[in-house]
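Remember, predicted model here, so these are calculated numbers, not experimental data.
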Amino acid sequence: MLSRSPARSPGSDDTWDPPRPWWRGRLGVLALVVALVALGGGVYSLARPASTRCADGVAKVGPDHACVGLTDGSYAYSPDLASLSGLIHTENERVRAAAAKPGGAPWVGVVYLMSMVQGPGSTNTTDSIRHELEGAYTAQWEANHTDTQGDSPQIRLLLAHTGNTTAQRDYTLAQIGKYRAADHIVAVAGLGTSTLATRSSIEQLTRQDLAAFGSVITSDDLIGIPGLVRVAPSNSDEAAAAAKYLLRTAPKAKVLLVEDTRSDDLYTSTLAASFRKSYPAGLLVDQPMAYDSSKSDVSTYFTQQMANVCLDAPDVVYFAGRGIDLPRFLAPLSHRQCADKPLTVVSGDDASQVEQSAGVGQVKDALRLGNIKLLYTGLAHPGAWTLRPQSFDATAIAPFQPGGEFRTAFPREALDDGQAIMGYDATLTAVTAIRNAASGGTGADTVTGADVVQMTTLLYGARAVSGASGLISLDSGGGPKNKAIPIVELSQDGSVHTVAVSSRDGDPPNAHP
């Protein structure tokens with residue numbers, strides 16, 4: 001204990017000095033130093049910014065602090081993807097461990113790139129995102145455990161989440177570049193939907209000699225990019241298939257075109273233009289219903305337009321908008337004054353998202369109350385396999401049949417939105433190009449991204465890919481020729497079924513050219 005001299009009383013000859021607190025003077029300074037040393041880095045920890053690291057290759061980016069980047073499945077971008085990420089990580093580790101053994105098979109990395117968490121204004125649902133990645137995993141498993149497409153090199157599947165902003169996407173693309181050598185990355189699949197942001201990503205990847213395999217990209221504005229393969233039919237093919245179906249089933253149908261003029265959405269703009277070119281001009285309502293979904297809530301606009309719908313009296317409405325806006329259109333349409341006249345609404349493949357969206361109840365009510373039938377051109381649907389079996393290879397669809405890998409790994413998942421099938425086909429096509437490169441003298445242990453890019457131009461005719469969504473025989477623009485396109489109906493009870501299988505020329509090719 002420290003001693004202290006007694007204080008002197010006021011009025012004495014010496015000046016009175018009041019008692020001093022312990023923290024003043026040299027002893028106080030010494031005590032403060034000791035306390036700071038005891039705290040160690042605590043004071044610094046309080047002052048320094050919080051870490052942005054989420055995992056190796058994954059970081060918090062942007063004002064929403066979303067964890068984006070590249071992972072081998074050891075990190076899950078959302079709880080919804082946790083189980084699936086675990087399966088992918090387990091398979092990736094198995095591949096790495098097997099390769100480390102004497103005589104083990106070499107491996108390469110395939111990145112699956114997309115926005116993996118539903119964000120504000122996203123046109124994908126949580127379910128559709130998960131389904132697409134489940135399809136990619138199924139293709140990885142099939143590639144590594146069967147010899148349908150050869151057996152070497154083995155495939156490690158990496159998951160790249162692009163987020164919802166330019167900064168987040170740029171960070172993720174940078175991680176692909178950073179880990180390219182260590183993870184032997186030679187191809188990127190998935191890629192997202194038909195937007196300007198997707199085009200920017202594709203151009204950055206292909207400039208680096210990485211082949212890109214789009215799963216659900218349909219915009220005609222994304223045709224002809226060197227190094228890009230699209231396994232989905234183009235918007236012009238979808239529109240032509242819808243027109244062929246309508247002209248066959250209702251040859252004199254008068255059609256009102258409803259189009260979203262949003263400038264950054266390549267899907268909606270090219271879908272509207274393609275249908276206009278595919279359908280006889282004399283059967284189109286003179287003035288289309290045009291709106292811009294980027295400006296404001298479109299519900300009021302649609303409500304105000306119902307009087308014109310009755311005045312134009314179409315038999316069919318071709319809705320060239322995103323699935324997210326379809327419920328907002330159908331709700332007022334069901335309350336139109338002329339609802340006594342039956343009306344068929346036909347849309348593009350993005351309508352497949354409606355079944356899993358928050359607006360599905362609104363859609364079912366509209367179909368039930370408004371004398372409306374809803375059809376759309378799907379990218380894939382299992383009903384097409386039974387309706388037109390000659391267009392689908394039995395081996396290609398086997399993973400989705402009872403006892404197949406998809407059904408084994410994901411027994412409760414549905415295929416109606418087509419996302420799992422398209423994710424599977426995009427990854428399968430990447431694997432096909434990789435193994436073509438390996439078998440052509442390059443060698444499984446030395447395949448590069450440039451080798452895979454070179455092989456993409458061979459995937460046609462005799463070397464066409466038999467996908468679960470149909471024959472993928474590429475044209476000079478990198479997309480499938482005259483691919484089978486299911487015409488799908490979403491019924492009043494929410495069930496989904498294929499009513500026909502069409503194509504650009506109305507006659508889909510058989511499974512084997």
For [X] and [Y], indicate whether the former's side chain and the latter's backbone hold a donor-acceptor pair under 3.5 Å.
{"X": "D260", "Y": "S293", "value": "yes"}
{"X": "T198", "Y": "T193", "value": "yes"}
{"X": "D292", "Y": "S294", "value": "yes"}
{"X": "T71", "Y": "Y75", "value": "yes"}
{"X": "S78", "Y": "V117", "value": "no"}
{"X": "Q168", "Y": "V61", "value": "yes"}
{"X": "Y77", "Y": "G69", "value": "yes"}
{"X": "T90", "Y": "G86", "value": "yes"}
{"X": "Y267", "Y": "D350", "value": "yes"}
{"X": "R435", "Y": "G150", "value": "yes"}

Residue pairs meeting salt bridge (charged side-chain N to carboxylate O under 4.0 Å, His left out), one or both in residues 134-149, sequence neighbours left out, come to R130-E134
Filter on salt bridge (charged side-chain N to carboxylate O under 4.0 Å, His left out), then keep only pairs touching residues 108-119, sequence neighbours left out; what's left? none
Return the orientation label for the F329 and F302 ring planes: parallel under 30°, perpendicular over 60°, tilted otherwise. perpendicular
Measuring only between side-chain heavy atoms, which start at C-beta, is [X] closer than 4.5 Å to [Y]?
{"X": "Q140", "Y": "N92", "result": "yes"}
{"X": "K483", "Y": "S503", "result": "no"}
{"X": "L205", "Y": "L113", "result": "yes"}

Give me the one residue out of F410, F400, F406 that meets ring-ring contact (aromatic ring centres under 6.0 Å, His included) with Y424. F400
Interatomic spacing from CD in Q204 to CD1 in I202 - rounded to 0.5 Å: 11.0 Å
Distance, nearest 0.5 Å, that separates OG of S234 from CG of D237: 3.5 Å
Return yes if a side-chain donor-acceptor contact under 3.5 Å exists between [X] and [Y], otherwise no.
{"X": "S115", "Y": "R169", "answer": "no"}
{"X": "R328", "Y": "Q362", "answer": "no"}
{"X": "Q419", "Y": "D127", "answer": "no"}

Residue pair W385, I421: steps toward the side-chain contact (heavy atoms from CB on, under 4.5 Å) verdict: CA-CA 12 Å; W385 301 336; I421 299 170; 3.6 Å; yes
Quick check on side-chain hydrogen bond (donor to acceptor under 3.5 Å, both in side chains): which of D221, T377, T270 does N235 satisfy it with? T270
is_close_aromatic(Y376, F319), centroid dist under 6.0 Å: no
Criterion side-chain contact (heavy atoms from CB on, under 4.5 Å) on C54 and K60, from CA distance to verdict: CA-CA 7 Å; C54 302; K60 297 175 183 176; 3.5 Å; yes
Stepwise salt bridge (Lys or Arg N to Asp or Glu O under 4.0 Å) test for E259 and R276: CA-CA 11 Å; E259 57 180 319; R276 189 178 284 109; 2.7 Å; yes
Which pairs of donor and acceptor atoms, one on a side chain in residues 427-434, lie under 3.5 Å apart (sequence neighbours left out)?
residue	atom	partner	partner atom	Å
T427	OG1	G423	O	2.9
T429	OG1	D425	O	2.7
T432	OG1	Q149	OE1	3.2
T432	OG1	L428	O	2.9

